[in-house]
Amino acid sequence: MKKAASEENRPAMEAYMKHHFPFYGIKSPQRKEVLSPYLRTAGKLPYEQSIHLVYSLWKRREREFQYAALAIFEKQKKNLPITAKEDILYFVTHKSWWDTVDHLASHMSGAYFQHYPELLSSTLQQWITDENMWVRRTALLTQLKYKDKTNKDLLFYLIEECMDENEFFIEKAIGWALREYSKTDSEAVESFVARQSLAKLSEREALKWLQNQRRKQK
């Protein structure tokens with residue numbers, strides 16, 4: 001990481017993340033190149049070994065280390081033990097910002113509940129009332145890639161639980177979750193949006209894909 005650092009890139013990358021984290025200034029293609037030899041073996045590690053490395057990287061100062069941790073963690077998607085839920089929650093609630101939380105929600109949390117679907121409803125209902133906003137956002141985005149496997153009633157329930165919050169990241173997540181599900185069940189999403197008083201941002205994001213599709217058909 002240190003060898004690949006770029007002082008030229010660093011200020012813009014830190015500004016893009018609102019100066020929440022220091023950066024080495026390593027852009028995605030270079031970071032993947034640095035990580036490549038490690039990722040080839042990361043998926044072969046036992047979960048306990050791999051997660052120890054992920055935690056170690058998460059505690060490092062520069063943001064690129066958290067991105068490296070996510071890449072290594074993702075190699076364990078097929079091997080997640082039932083206890084991995086607590087690991088996911090830890091990473092969601094530490095050094096939290098949308099860049100890591102959204103990946104954890106849609107990739108790791110999403111994968112976890114595909115392994116343990118019996119825990120999906122009860123866990124997300126618990127998360128949506130958590131005082132930590134990033135945990136609530138994770139609850140909304142966990143089913144993002146589920147398509148026709150989405151628990152529609154649960155998704156709508158989660159949205160109803162937090163749709164009155166005046167919080168940008170929640171409003172945006174509601175719209176994003178609905179937009180993705182509209183690609184699977186447009187009628188259900190349109191009906192839900194019509195009968196709810198969603199924030200303007202949520203409604204606009206929710207219907208964006210459908211409106212674009214209709215414009216293309218004209």
Side-chain angles (χ1 to χ4, degrees), residues 1-7 9-14 16-120 123-124 126-127 130 132-146 169 173:
M1 289 289 192
K2 288 179 181 178
K3 289 179 181 177
S6 169
E7 187 60 29
N9 296 334
R10 183 185 60 78
M13 293 176 74
E14 291 181 351
Y16 184 64
M17 288 298 157
K18 307 293 185 184
H19 298 283
H20 286 289
F21 313 99
F23 277 78
Y24 274 133
I26 309 170
K27 292 188 175 181
S28 182
Q30 289 73 41
R31 191 178 71 248
K32 289 177 180 177
E33 188 176 331
V34 170
L35 288 174
S36 178
Y38 302 100
L39 293 180
R40 280 197 289 270
T41 56
K44 300 175 184 177
L45 292 173
Y47 182 83
E48 294 75 15
Q49 226 178 321
S50 179
I51 201 66
H52 178 74
L53 177 57
V54 174
Y55 273 100
S56 297
L57 290 168
W58 209 264
K59 294 172 183 177
R60 297 296 293 268
R61 183 171 176 268
E62 287 78 12
R63 194 57 165 172
E64 286 89 347
F65 285 117
Q66 282 86 66
Y67 298 156
L70 286 177
I72 291 169
F73 195 20
E74 192 170 353
K75 289 293 183 179
Q76 293 289 330
K77 279 171 72 170
K78 295 180 179 179
N79 308 319
L80 296 172
I82 198 165
T83 55
K85 181 174 69 171
E86 300 308 315
D87 299 322
I88 293 166
L89 205 56
Y90 176 89
F91 301 129
V92 165
T93 55
H94 290 76
K95 300 192 176 182
S96 311
W97 198 240
W98 63 264
D99 55 338
T100 54
V101 169
D102 292 0
H103 189 96
L104 285 161
S106 60
H107 290 268
M108 302 310 300
S109 182
Y112 176 85
F113 291 108
Q114 287 179 327
H115 286 297
Y116 308 102
E118 70 279 6
L119 300 179
L120 176 71
T123 303
L124 297 193
Q126 179 183 351
W127 286 1
D130 196 280
N132 187 308
M133 180 271 293
W134 297 110
V135 177
R136 301 196 299 278
R137 183 172 168 100
T138 299
L140 291 166
L141 298 180
T142 286
Q143 298 188 87
L144 199 65
K145 298 180 181 294
Y146 280 19
F169 287 108

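On a predicted model such as this, the values are computed, not experimentally measured, just so you know.
Considering all non-hydrogen atoms of both residues, Gly110 and Tyr146 come closest at O-OH, 2.6 Å. Counting all heavy atoms, side chain and backbone alike, Ala139 lies closest to Leu124 at O-CD1, 3.8 Å. Taking each heavy atom of Ala173 and Leu141 in turn, the nearest pair found is O-CD2, 3.8 Å. Across Lys77 and His115, no two heavy atoms sit closer than the pair O-NE2, 2.6 Å. Ile26 approaches Met13 most closely through the heavy-atom pair O-CE, 3.3 Å. Listed here is the closest heavy atom pair of Ala42 and Ser50: O-OG, 4.4 Å.
Residues passing the side-chain hydrogen bond (donor to acceptor under 3.5 Å, both in side chains) test with Thr93, sequence neighbours excluded: none. Under the rule for a side-chain hydrogen bond (donor to acceptor under 3.5 Å, both in side chains), the partners of Thr142 that lie at least two apart in sequence or sit in another chain are Ser109. In this view, Glu7 and Arg10 satisfy the side-chain hydrogen bond (donor to acceptor under 3.5 Å, both in side chains) rule, not counting sequence neighbours. Shown here are the side-chain hydrogen bond (donor to acceptor under 3.5 Å, both in side chains) partners of Gln143, two or more places apart in sequence or in another chain: there are none.
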What side-chain donor-acceptor pairs closer than 3.5 Å can you find for residues 53-60, not counting sequence neighbours?
residue: Tyr55; atom: OH; partner: Asp87; partner atom: OD1; Å: 2.7
residue: Ser56; atom: OG; partner: His52; partner atom: O; Å: 2.9
residue: Trp58; atom: NE1; partner: His94; partner atom: O; Å: 2.9

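The NE2 atom of His107 lies 12.5 Å from the CD1 atom of Ile88; values are rounded to the nearest 0.5 Å. Between atom CG of residue Asn132 and atom CH2 of residue Trp127 there is a gap of 11.5 Å, rounded to the nearest 0.5 Å. Annotation: the span from Asp102 atom CG to Trp97 atom CH2 amounts to 11.0 Å, rounded to 0.5 Å. A distance of 10.0 Å separates CD in Glu48 from CG in Asn79, rounded to the nearest 0.5 Å. For the atom pair Gln126 CD and Asp130 CG, the distance stands at 7.5 Å (nearest 0.5 Å). Within the model, atoms OG1 of Thr138 and CG of Leu144 stand 11.5 Å from one another, a figure rounded to the nearest 0.5 Å.
Centroid-to-centroid, the aromatic rings of Trp98 and Trp134 stay 6.0 Å apart or farther. A distance below 6.0 Å separates the ring centres of Phe91 and Phe73.
Counting only residues at least two apart or on different chains, the side chain to side chain donor-acceptor pair (under 3.5 Å) pairs with a member in residues 16-39 are Ser36-Arg40.
A 4.5 Å side-chain heavy-atom check between Phe169 and Arg136 finds every atom pair outside the cut-off. Tyr116 places none of its side-chain heavy atoms less than 4.5 Å from the side chain of Lys85. A heavy-atom distance below 4.5 Å is found between the side chains of Arg63 and Asp99. Looking only at side-chain heavy atoms (C-beta outward), Lys75 and Leu45 stay at 4.5 Å or farther from each other. Residues Ile51 and Gln76 form no side-chain contact, since every pair of their non-hydrogen atoms from C-beta on lies 4.5 Å or further apart. Looking at Phe65 and Phe21, their side chains never come closer than 4.5 Å, going by heavy atoms from C-beta outward.
Judged purely by atom type and a 3.5 angstrom limit, Glu64 uses its side chain to pair as donor or acceptor with the backbone of Gly25.
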